[in-house]
Every structure is written in C-alpha cells, then in structure tokens.
Participant: 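Can you read through this structure? Questions will come right after.
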2 protein chains.
Amino acid sequence: MLEALRRFRLADQDMRARISTGMHMNVTDLQALRYVIAAEAAGEVATPRGLATHLHISTASTTKLLDRLTRSGHLTREPHPTDRRSLVVVATAHAHDEVRERLARMHERMAEIARAVPSESRPAVEEFLRAMAAHLDTEGDVPPLRPLTEPAATNGRSARGRG
Amino acid sequence: MLEALRRFRLADQDMRARISTGMHMNVTDLQALRYVIAAEAAGEVATPRGLATHLHISTASTTKLLDRLTRSGHLTREPHPTDRRSLVVVATAHAHDEVRERLARMHERMAEIARAVPSESRPAVEEFLRAMAAHLDTEGDVPPLRPLTEPAATNGRSARGRG
DNA sequence: GCTTATTGCTAGCCAGGCTAGATACTTTGG
DNA sequence: CCAAAGTATCTAGCCTGGCTAGCAATAAGC
C-alpha cells in the first residue's frame, strides 16, 4: 500500500513536469496559472501578494513570474479596484483554453477513477490519505540536530517553520 | 477523496522540503542520499551513473551533487571494484545516523497508518492509487496542441530536459 | 498631517540544473 | 596486441529561477 502511494507520488511529480514543459513553462508557473484561474472561478481577485503566499515564494520572485507569464501571453496585470498599490492578475483567454485543454480531461478521468472505488471503501481511502497528510505535516520540523542520544518523543508539534 | 489525495501530495512535498532544509541540503541531495543508503541495504553498489539515472539529472550535475555531499561529510567516493572508470558512492556513518534519525520514525508511523486501514479496504486503496498513478503516467505527453499564439521561439529552453 | 506598514518593482546575488569537451578506462574487431 | 569506438567521470561555463535589500507609491493609524 505504501509502495502504491510512493508510485502515485512519483507519477504525479512526473506528470506535472511533463505538463509544464508541454506548456513551455516551469512547474511553479503552471501552479501560479492554476491559482489565478481558480481565483477567477471562485469570483475572487488574484493579487501578486496572494500568489507569493500561495506558492511560498517571495514577492520579488513573483514579480519575475508575472513578467514571464505576461510575456508569454498567459496573464495580464490590471489595476486593483480598491488598493492602488496592488494589482489584479487576470488569465487570458489563451491561458484558459490551454489549461482546460490540458487538464480538464485528466481531472475528469481522475474523478472516474475515484468513482471506481467501491463506496464502502471510500471512507477508508479518505481516512488513510488524510491521516498520512496530517502525519507528514508534523514531520521534519526538527530544527536543531540532536546528538542522537534520546528519542525525546516529540509529538504534537506542527508549526511549519518557513521563513 | 481527490481532495484528500491533493492534501497528501502537498503535505508530502512540504515534508520533504522541511527534512531537506533540516539537514542543510536540498531535496535532490536528500533523495540521492536515500538512494545510496537503499543501495547499500540491498547489497548493491551505487555509482554516479546510477544516481544520475535515478534522479533524472545529468552526470555533470551528479558530479556537483557528489561534491556537495562529500564536502558535507555525507558521502565518500571509493574506487569501483571492477570498473576503474567508475567509482562507488558510500554513505558515511554520519549520513546513516542522520537519515535514520530523521526518517525511521516517520516510516514506522506511516506503516502504522497503513495498518490502521481495515483489511477489507486495503485492496481498494491500493487499486485506487495504482490506477491513479497509471493514469498520470499517460497524461501530459500531448505534443500536438494547436498554437493559439506564437510557439515561443526555438531558442527558449524554457524547461528542464527530461531524460 | 506625519509616521509606519504594505505592495509591487528593480538590482544584483546564488544554487543547482544544463551542454560541451577533456580524460581515463573498457570493450570490440582485426 | 593495437586501434577505434563506447562509457564513466570531471571541468568549464552558461541559464533559470529562486533569494535579499532597498525603492516609490499608497494605505492605515495616531
């Protein structure tokens, strides 16, 4: 089961790389594009600051990212309706088309695969994945390398130290 | 269910980043280290060529990677027993300790989570993940996309070359 | 009306990929 | 055995995509 999980992870990673290169952009840029489109679909506005936060990159890197995606014709910068320091990032029709073209079918097929899971097993699948995610959220935040002497049983820590 | 899958993916990615930075290295280097240790555990020898193949990076990049991990005291280069062009990459005791310290507990806990899945649902979980992985393997390789704008010029190496 | 916080941008740096070419060794064919 | 071709690693130098520091413009608080 863990092996299947690992295989999924690798396949997912590879797929992302392929889709990105297929669209002549890198993985982060594709993530950004999807974020912008999702924001539009949700009736919200996407700002550079929001992108930076979502992607865990700096605002400076976000500026460069917007330059790339604007130059490639996927995004446009438009004035923010209320905050004149900021701006609104909008996906072009081309970007919408391209993302739909590349991802809609895949998502549909993924939903199909999900539906193929026997309904009595679905809660187990979900619980498995959620428990795994929750566990991983607590792992890895061990800032000071301990001298290997005591396990110290650090449980229940989660604060994600990125900064 | 798909949402849970997505959450797992994000958590996994984050965890990898945290573990890596916690060990003062990047994600690729950690992957390399695990590969070397796994090879040792399997009674095989790890070569730079093997690393390059496993990590989907060039041999030149692998040389740099080995330089980093050798300098940091995680790996050593040793002569290859049969092929004198090549060499064998060996993890230091320190690397073994560090990886065990960081990952053993996590893996154990993951196995626990897997065991918590009702046995009658396990085949469904596995099948779901395998089907998803198999599907993702077939996605993304869509070269023929009608150009809605300019094909972005040929000199643009806008993406990493993949093996 | 000032002062402070925040937003996005510019400038310049660095890590970690890449390709090309050099070197050393192995394999293969006569 | 020797030459040619193939393979493994390393070096040199480039590019992308992150980063921090600092700026002008605007917003928010006193």
Side-chain angles (χ1 to χ4, degrees), chain A residues 13-14 16-17 20-21 23-33 36 45-72 74-90 162-163, chain B residues 13-14 16-17 20-21 23-33 36 45-72 74-90 152-163:
Chain A
Q13 202 170 298
D14 262 32
R16 263 158 229 287
S20 298
T21 58
M23 288 175 71
H24 304 288
M25 58 178 69
N26 66 51
V27 178
T28 307
D29 289 4
L30 178 59
Q31 242 186 304
L33 195 50
V36 171
V45 295
T47 64
R49 160 58 61 193
L51 264 167
T53 302
H54 176 72
L55 299 172
H56 303 299
I57 62 178
S58 68
T59 59
S61 303
T62 303
T63 295
K64 281 193 185 179
L65 181 149
L66 291 178
D67 288 346
R68 287 194 297 272
L69 289 178
T70 299
R71 167 189 288 270
S72 68
H74 289 99
L75 296 179
T76 61
R77 288 167 161 112
E78 304 200 356
H80 193 287
T82 62
D83 188 338
R84 286 198 300 170
R85 293 169 306 177
S86 188
L87 53 87
V88 171
V89 181
V90 179
R162 191 181 291 277
Chain B
Q13 202 170 297
D14 262 32
R16 263 158 229 287
S20 298
T21 57
M23 288 175 70
H24 302 106
M25 57 179 71
N26 65 50
V27 178
T28 307
D29 289 4
L30 177 59
Q31 241 187 305
L33 195 51
V36 172
V45 295
T47 64
R49 160 60 60 196
L51 264 167
T53 303
H54 176 71
L55 300 172
H56 302 298
I57 62 177
S58 69
T59 59
S61 302
T62 304
T63 295
K64 280 193 185 178
L65 181 150
L66 291 177
D67 288 346
R68 288 194 296 273
L69 290 178
T70 299
R71 168 190 287 272
S72 68
H74 289 98
L75 296 178
T76 61
R77 288 167 161 112
E78 304 202 355
H80 194 287
T82 62
D83 188 337
R84 287 198 298 171
R85 293 168 306 179
S86 187
L87 53 87
V88 172
V89 182
V90 179
T154 29
N155 67 332
R157 291 188 294 164
S158 54
R160 296 271 115 96
R162 302 184 29 71

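Labels below follow one simple rule: chain letters A, B, ... track the order of the sequence lines, proteins then strands, and each chain is numbered from 1.
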Participant: Residues two or more places apart in sequence or in another chain: which of them pass salt bridge (charged side-chain N to carboxylate O under 4.0 Å, His left out) with A:Arg84?
Facilitator: none
Participant: So B:Leu66 and B:Leu51, side chain to side chain contact (heavy atoms under 4.5 Å, CB included) or not? Walk me through it.
Facilitator: CA-CA 10 Å; B:Leu66 291 177; B:Leu51 264 167; 3.9 Å; yes
Participant: Nearest heavy-atom pair of B:Leu65 and B:Ala32: which atoms, and what distance?
Facilitator: CD2-CB, 3.7 Å
Participant: For a quick check of understanding: with a heavy-atom distance under 4.0 Å over all strands, which category does A:Ser58 fall into, base, sugar-phosphate or nothing?
Facilitator: base
Participant: side-chain hydrogen bond (donor to acceptor under 3.5 Å, both in side chains) with B:Thr63: which residues, sequence neighbours excluded?
Facilitator: none
Participant: In whole angstroms, how far is the P atom of C:dG8 from the CG atom of A:Leu69?
Facilitator: 16 Å
Participant: Rounded to the nearest Å, what distance is computed from the CG atom of residue A:Leu55 to the P atom of nucleotide D:dG18?
Facilitator: 8 Å
Participant: For B:Ser61, which residues count as a side chain to side chain contact (heavy atoms under 4.5 Å, CB included) partner, sequence neighbours excluded?
Facilitator: B:Ile57, B:Ser58
Participant: Between protein and nucleotides 9-12 of chain C, what N or O pairs are separated by less than 3.5 Å?
Facilitator:
residue: C:dC9; atom: OP1; partner: A:Arg77; partner atom: NE; Å: 2.9
residue: C:dC9; atom: OP1; partner: A:Arg77; partner atom: NH2; Å: 3.4
residue: C:dC9; atom: OP2; partner: A:Thr63; partner atom: OG1; Å: 3.0

Participant: Which whole-number value in Å describes the distance from A:Gln31 CD to D:dG17 C1'?
Facilitator: 14 Å
Participant: Can you tell me the distance, in whole Å, between the NE2 atom of A:His80 and the C1' atom of C:dT6?
Facilitator: 13 Å
Participant: Output every pair passing salt bridge (Lys or Arg N to Asp or Glu O under 4.0 Å) with a member in residues 52-72 of chain A, not counting sequence neighbours, ordered by first then second residue.
Facilitator: A:Asp29-A:Arg68, A:Asp67-A:Arg77
Participant: DNA chain D: B:Arg49 or A:Leu65, which has the more 5' nearest nucleotide?
Facilitator: B:Arg49
Participant: Taking only the side-chain nitrogens and oxygens of A:Thr28, find out if one of them lies under 4.0 Å from OP1 or OP2 of D:dG17.
Facilitator: no
Participant: Mind checking what makes side chain to side chain contact (heavy atoms under 4.5 Å, CB included) contact with B:Val88, not counting sequence neighbours?
Facilitator: B:Val45, B:His80, B:Pro81, B:Val90
Participant: Report all interatomic pairs (protein N or O, nucleotide N or O of nucleotides 25-30 of chain D) with separations under 3.5 Å.
Facilitator:
residue: D:dA27; atom: OP1; partner: A:Arg84; partner atom: N; Å: 3.1

Participant: Between B:Arg71 (CZ) and C:dG16 (P), how many Å, whole number?
Facilitator: 12 Å
Participant: Looking at A:Ser61, does any N or O in its side chain come under 4.0 Å of the phosphate oxygens OP1/OP2 on D:dG17?
Facilitator: no
Participant: Starting at atom CG of A:Asn26, determine the distance to atom P of C:dC18, rounded to an integer number of angstrom.
Facilitator: 14 Å
Participant: The criterion is salt bridge (charged side-chain N to carboxylate O under 4.0 Å, His left out); which residues satisfy it with A:Arg49, sequence neighbours excluded?
Facilitator: none
Participant: Rounded to the nearest Å, what distance is computed from the CG atom of residue B:Leu51 to the P atom of nucleotide D:dT7?
Facilitator: 20 Å
Participant: Applying side chain to side chain contact (heavy atoms under 4.5 Å, CB included), name anything that partners A:Gln13, two or more places apart in sequence or on another chain.
Facilitator: A:Arg9
